[in-house]
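This report refers to the structure that appears directly beneath it.
Just so you know, ligand 1 is whichever comes first in the structure, and atom 1 is the first atom listed for that ligand. In what follows, every heavy atom counts, from backbone to side chain, and hydrogens, waters and symmetry copies are set aside. Position 1 is the first residue of the sequence; numbering continues from there.
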Amino acid sequence: MDENSQKIHYEMIHDDYAKHYYDPTSMEFRDKFMYKYLFKGLDLNNKKVADLASGSGYNSLALMKYFPKVQVFGFDISKKACQDYKKTVGRPAYEIDLTKKTDLKEEYDCAMIIGGLHHCVSDLEATFENISAILKPGGSLLMIEPNKNYFLEPLRKLWYKLDKYFEENTEEALDHDSLLFKQAQHFNVEKIFYLGGPAYFLIYNSLLFRLPIRIKKVVAPILLLLEKIYNLCPGKVMFPYFIAQWKKK
Ligand SMILES: C[S@@+](CC[C@H](N)C(=O)[O-])C[C@H]1O[C@@H](n2cnc3c(N)ncnc32)[C@H](O)[C@@H]1O
């Protein structure tokens, strides 16, 4: 496996990714079906938050809206993402590979990783060592990742293989419970949600469905409404992503 394949991949698709994943309809999706759960019950004002696999920084911007006194810092393997982060957020961003041992000196009250962990499957152990090393005891680890227990997982695997927007050798959906089991020495789970219906695919992941932005604007209101209804389904196999809040011991 090429150690920098995720870097090469994300620098190559940078513009397409930013166009589809940070347009107003995707941001509305994130607001209603991601941040609301991810930040539930937390007060991150006056806290230092590491936004890991931060991309261009829009999650940090959202965090600053929720908690105006938060201090955010971006981290990403992609140079283009770090450059964008600094411009968009006006805060520092560091180019790092989370799967390689890093010697970051700073400690943070919270780390959030949105759609990033499943790109670190080449060495999840090292990734968690890095995350643990920068988190203070009692600090929060917030994550949103694709759910491996989703009933359409075989289809998703096939898609990862066939679509140029995936780097199939270095990414795969995650099983939250086995992830937690492996990290049980270091973390407790505080909250876990399983979510995702039609808007997760057609609005949030519109790039994969090649849905033009102008069409997204038209279909977003109905899909966002359907999403709310779909999320009433029970269990975890019906849902393509999970949102978890962990606490470092
Ligand atoms: C699906 S994007 C998510 C970006 C952003 N968090 C968001 O919500 O849009 C995955 C991000 O992970 C970054 N990434 C992939 N592998 C990484 C690694 N080993 N270390 C740090 N960042 C990585 C990519 O450059 C990309 O920005």
Quick one, list the residues around ligand 1 where some non-hydrogen atom comes in under 4.0 Å, by chain and residue number. Gln6, Tyr10, Tyr17, Tyr22, Arg30, Ala53, Ser54, Gly55, Asn59, Asp76, Ile77, Ser78, Ile96, Asp97, Leu98, Thr99, Ile114, Gly115, His119, Cys120

Quick test of your reading of the model: are [X] and [Y] salt-bridged, counting only N-O distances below 4.0 Å?
| X | Y | result |
| --- | --- | --- |
| Asp103 | Lys105 | yes |
| Lys48 | Glu106 | yes |
| Glu153 | Lys148 | no |

Phe73 ring centre to Arg91 NZ or CZ under 6.0 Å, with the angle to the axis within 45°?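 Verdict for Phe73: a cation-pi partner in Arg91.
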
Aromatic ring proximity, centroids under 6.0 angstrom, Phe239 and Tyr230: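 Ring-ring flag for Tyr230/Phe239: true, centres closer than 6.0 Å.
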
Any idea which heavy atoms bring Ser60 and Asp51 closest together, and the distance?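 Shortest heavy-atom contact: OG-OD2, 2.6 Å.
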
